[in-house]
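Position 1 is the first residue of the sequence, and the numbers go up from there.
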Amino acid sequence: MICTKAVQVSTASARLFSCKSIASRAKFSASIRSRRVMSTSAAAREVVSTENAPGAVGPYSQAIKAGGFVYISGQVPLVPGTKDFAADDITGQTEQVMKNIDAILTAAGSDWSKVVKTTVLLADMGDFAAMNAVYAKYFTKDPPARAAFAVKDLPLGAKVEIEAVALQ
């Protein structure tokens, strides 16, 4: 290695580095590149599927585990193994949605205490209070972040759909 000094110029200052520190930086940079390759392959995704929750009604998975998280697709109030809603009212539908999410969390090796974010979709915002009463039973301590929206229509005419993100 032929080098006596190298100069790194930044907008704030100019600094002198020895060849030894340049070599150390090169090793550090190579180490970071190596970690990126490993973390990319380690971040493979895993499909989560259980018969204890309704199967997907389209081209999507019940949930995906990736990067230390479980991403649960929006759940509607279908009774597992059927195409029937558990109830016609918002309370019964919300209860079934939460049971479906519970089954998927369990299949993924997670639980309600690890849920960090949910999104609630309602066909009628007038149902918010009734939905919230059921929802609150599942998050008695440190509830997750949440967004709630009224939408024009939900799949199969459901009154509520909820998706969740949890830690593994």
For residues [X] and [Y], report the shortest heavy-atom separation together with the two atoms involved.
X: Ser73; Y: Tyr60; result: OG-CD1, 3.6 Å
X: Met98; Y: Trp112; result: O-CZ2, 3.3 Å
X: Leu167; Y: Val116; result: CG-CG1, 4.0 Å
X: Ala158; Y: Pro77; result: CB-CD, 3.7 Å
X: Ala107; Y: Thr50; result: CB-CB, 3.8 Å
X: Ala166; Y: Ser110; result: CB-OG, 3.7 Å

In Å and rounded to the nearest 0.5 Å, what is the [atom1] to [atom2] distance from [X] to [Y]?
X: Thr106; Y: Ile101; atom1: OG1; atom2: CD1; answer: 11.5 Å
X: Leu78; Y: Leu156; atom1: CG; atom2: CG; answer: 5.5 Å
X: Ser113; Y: Leu105; atom1: OG; atom2: CG; answer: 9.5 Å
X: Leu122; Y: Glu161; atom1: CG; atom2: CD; answer: 10.5 Å
X: Leu121; Y: Lys159; atom1: CG; atom2: NZ; answer: 15.0 Å
X: Ile162; Y: Met131; atom1: CD1; atom2: CE; answer: 6.0 Å

Got a sec, which residues hit side chain to side chain contact (heavy atoms under 4.5 Å, CB included) with [X], two or more places apart in sequence or on another chain?
X: Asn132; result: Phe128, Tyr135, Arg146
X: Pro143; result: Phe139
X: Gln168; result: Lys65, Val70

Note, [X] side chain near [Y] side chain (heavy atom, < 4.5 Å):
X: Asn52; Y: Ile104; result: no
X: Val79; Y: Phe85; result: no
X: Pro80; Y: Glu51; result: no

With no hydrogens and no angle check, do the side chains of Gln96 and Asn100 hold a donor and an acceptor under 3.5 Å apart?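 Judged by distance alone, the side chains do pair up.
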For residues Met125 and Ile90: do they belong to one hydrophobic cluster (side chain heavy atoms under 4.5 Å, members Ile, Leu, Val, Met, Phe, Trp, Tyr)? yes
Are Val97 and Tyr138 joined in one hydrophobic group, where the rule is that I, L, V, M, F, W and Y side chains link up if heavy atoms are under 4.5 Å apart?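 Per the 4.5 Å side-chain linkage, Val97 and Tyr138 are co-clustered.
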Test side-chain contact (heavy atoms from CB on, under 4.5 Å) on Ile64 and Val47 and set out the steps. CA-CA 5 Å; Ile64 298 289; Val47 173; 3.8 Å; yes
Expected output: side-chain Gln93 to main-chain Ala87 donor-acceptor under 3.5 Å: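 Indeed, once roles are kept as given, a pair shorter than 3.5 Å links the two residues.
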Without swapping roles, check the side chain of Thr140 against the backbone of Lys137 for a donor-acceptor pair under 3.5 Å. no
Lys117/Glu163 salt bridge by N-O under 4.0 Å criterion: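 Salt bridge absent between Glu163 and Lys117.
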